[in-house]
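Below: one structure, written as structure tokens.
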Amino acid sequence: MKAIVAERYGTPDVLQLKELPTPVPKPGEVLVRVHAASVNDWDWENLRGQLLLTRLLNGLFTPKIRILGGDIAGRVEAVGSQATRFQPGDAVYGDLCMSGFGAFAEYVCAPETCLAPKPPGMTFEQAAAIPQAGMLAVQGLIDVGGIQRGQTLLLNGAGGGVGTFALQISRLYDARVTVVDKGSKLDMLRALGAEHVIDYLNEDFTGSGRTYDLILDAKMTRSPFAYLRALKARGSYVTVGGHIRRLLQLGLLSRPIARFSDKRVRLVGLKPNKDLAYMNQLFEEGALLPVVDHVYTLADVPDALRRFGTGAHTGKIVIRVS
Ligand SMILES: NC(=O)c1ccc[n+]([C@@H]2O[C@H](COP(=O)([O-])OP(=O)(O)OC[C@H]3O[C@@H](n4cnc5c(N)ncnc54)[C@H](OP(=O)(O)O)[C@@H]3O)[C@@H](O)[C@H]2O)c1
């Protein structure tokens with residue numbers, strides 16, 4: 001099979017299109033012929049290996065994960081022993097970020113528990129866009145954020161994968177949504193239902209004096225105290241990611257803040273694939289449509305990652321594999 005391989009850490013230039021043996025499913029796994037994949041921040045981090053944490057998890061000097069790509073959509077090609085949920089030919093999708101990655105290839109073996117059936121009306125490209133960003137949006141807004149009908153909500157870093165799903169889900173709660181991102185992405189976010197838009201290059205929403213019931217952040221860049229200023233009484237700040245220093249601060253301060261104030265600051269711990277059935281339901285009801293920025297071929301994965309690295313994308317960058 002063809003695969004995009006990273007033999008060392010570096011820029012997208014280190015990626016090579018190679019011919020590798022097709023993997024064989026272990027017990028509990030299925031072999032998936034990948035039709036589409038999508039790019040996430042963890043692919044970018046695992047490619048570059050710039051964070052000590054990444055090196056500790058993925059190899060100090062050379063990456064253990066040679067084929068990147070967490071999100072896949074494709075068809076089951078073969079079924080391993082003890083795998084009972086799917087048959088060859090079934091259309092499936094899911095996130096393999098906690099089971100070895102491997103989506104940037106023609107075939108990948110996946111634990112069957114990582115996969116959900118793809119609805120017939122959903123294209124493979126749409127399905128591949130959903131798993132990781134969609135789960136972070138659902139778990140950030142609903143499970144951790146406890147969003148309530150009619151709340152005022154601010155989505156920071158709203159123009160990427162998580163934000164574009166979160167914006168659509170928040171409309172189901174009649175939330176009054178303010179979005180923050182670069183100016184070039186704000187028209188698209190308005191069209192998706194944002195009531196107010198803020199260009200973060202022109203305005204710091206934590207210093208404006210406006211306050212929100214819930215803030216969901218894809219890019220934590222400030223101290224937790226800055227976000228507290230932008231919360232109403234009993235408000236919650238929930239982040240799915242951001243600068244590592246800020247995330248560590250949040251981890252240290254979340255308990256003292258909960259003890260001495262009526263506000264909450266929290267970090268989402270991704271539960272991959274937990275809510276794919278909910279995403280299927282929303283898609284089939286017409287309440288959710290993945291925003292796809294650009295579709296690249298497998299050979300062009302380096303370009304896809306380059307674009308992701310610039311942050312120029314709106315929604316999700318998708319790879320069409322076959
Ligand atoms: N918690 C977990 O378990 C878990 C698991 C997986 C991933 N993650 C994290 O979840 C996040 C994924 O978010 P995503 O898929 O939506 O990423 P994304 O597609 O890269 O979107 C992030 C958006 O934030 C914008 N942005 C950058 N700097 C900003 C700033 N200072 N203020 C406001 N907006 C800013 C970016 O635009 P520009 O760059 O053009 O400005 C982009 O539109 C990542 O941080 C990732 O590390 C967390």
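Atom CZ of R55 has more than 12 neighbouring heavy atoms from other residues, nucleotides or ligands inside a 6.0 Å radius. The environment of CZ in R8 is sparse: at most 12 heavy-atom neighbours from other residues, nucleotides or ligands sit within 6.0 Å. In the displayed structure, R307 atom CZ is contacted under 6.0 Å by more than 12 heavy atoms of other residues, nucleotides or ligands.
Side-chain contact between L270 and C97 is present, with heavy atoms from C-beta onward closer than 4.5 Å. Side-chain contact between T178 and Y212: present, with at least one pair of heavy atoms (C-beta onward) separated by less than 4.5 Å. Using a 4.5 Å heavy-atom threshold, the side chains of V301 and Y296 count as separate. Taking 4.5 Å as the limit, some side-chain heavy atom of L96 sits within range of a side-chain heavy atom of V108. The shortest side-chain heavy-atom distance between V76 and Q87 does not fall under the 4.5 Å cut-off. Using a 4.5 Å heavy-atom cutoff, the side chains of S236 and K263 are not in contact. By the 4.5 Å heavy-atom criterion applied to side chains, Y93 and M279 are counted as neighbours. Put simply, the side chain of D95 does not reach to within 4.5 Å of the side chain of M135, judged on heavy atoms.
A donor-acceptor contact shorter than 3.5 Å is absent between the side chain of T314 and the backbone of D293. Looking only at distances, a side-chain donor or acceptor of R229 sits under 3.5 Å from a matching main-chain atom of T206. Here the side chain of R266 pairs no donor or acceptor atom with the backbone of V238 at under 3.5 angstrom. Proximity of a side-chain donor or acceptor of E112 to a complementary backbone N or O of T84 within less than 3.5 Å is detected. Using modelled atom types, one side-chain atom of Q139 and one backbone atom of K271 make a donor-acceptor pair closer than 3.5 Å. Listed for the N273 side chain is a donor-acceptor partner under 3.5 Å among the backbone atoms of C114.
Atom CG in L153 sits 11.0 Å away from atom CD in E195 (nearest 0.5 Å). Between the CZ atom of R234 and the CZ atom of R264 there is a distance of 11.0 Å, given to the nearest 0.5 Å. Interatomic distance, CG of L252 versus CZ of R255, reported as 11.5 Å (0.5 Å rounding). With rounding to the nearest 0.5 Å, the separation of CG in L141 from CG in L136 is 11.0 Å. Note that CG of L172 is 6.0 Å distant from CG of L282, once rounded to the nearest 0.5 Å.
Residues Q132 and D71 bring no donor and acceptor atom of their side chains to less than 3.5 Å of each other. Remark: the K316 side chain and the N40 side chain contain an N/O donor-acceptor pair separated by less than 3.5 Å. In this structure, a donor-acceptor pair under 3.5 Å is absent between the side chains of D213 and Q148. D217 and T239 share no donor-acceptor pair across their side chains, judged by distance under 3.5 Å alone. Q168 and R171 share no side-chain donor-acceptor pair at under 3.5 Å. For Y107 and R33, the side-chain atoms include at least one donor-acceptor pair closer than 3.5 Å.
In this structure, E203 pairs ionically with R210, as a charged nitrogen and a carboxylate oxygen lie closer than 4.0 Å.
Here the shortest heavy-atom pairing between V240 and A218 reads CG2-CA, 3.7 Å. Annotation for L298 and K2: closest pair CD2-O, 3.8 Å, computed over non-hydrogen atoms. Contact record, A3 with I67: CB-CD1, 3.9 Å, taken as the closest heavy-atom pair. When all heavy atoms are compared, the tightest approach of F283 to L288 is CD1-O, 3.4 Å. Pairing each heavy atom of V39 with each of A304, the nearest pair is CG2-CB, 4.2 Å. Between L216 and A137, the shortest heavy-atom distance links the atoms CD2-O, 4.4 Å.
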With side chain to side chain contact (heavy atoms under 4.5 Å, CB included) as the criterion, how do V179 and H196 come out once you've worked through the C-alpha distance, each side chain's angles and the decisive distance to 0.1 Å?
CA-CA 6 Å; V179 293; H196 301 288; over 6 Å; no
Side chain to side chain contact (heavy atoms under 4.5 Å, CB included) assessment of D204 paired with R222:
CA-CA 10 Å; D204 173 0; R222 298 178 182 81; 3.2 Å; yes
Decide yes or no on salt bridge (charged side-chain N to carboxylate O under 4.0 Å, His left out) for R85 and D90, but give the supporting numbers first.
CA-CA 10 Å; R85 290 180 60 204; D90 286 352; over 6 Å; no
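For the side-chain contact (heavy atoms from CB on, under 4.5 Å) criterion with Y237, the lone passing option out of I257, L228, L250 is L250. When each of N58, L60, L47 is paired with Y9, the side-chain contact (heavy atoms from CB on, under 4.5 Å) condition holds for N58 and for no other.
For the pair K118 and F124, the cation-pi criterion (under 6.0 Å, within 45° of the ring axis) is fulfilled.
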List the atom pairs, donor and acceptor, that lie under 3.5 Å between side-chain atoms in residues 14-32 and the rest of the protein, sequence neighbours left out.
| from | atom 1 | to | atom 2 | distance (Å) |
| --- | --- | --- | --- | --- |
| K18 | NZ | E7 | OE2 | 2.8 |
| E19 | OE2 | M1 | N | 3.2 |
| E29 | OE1 | K26 | N | 3.0 |

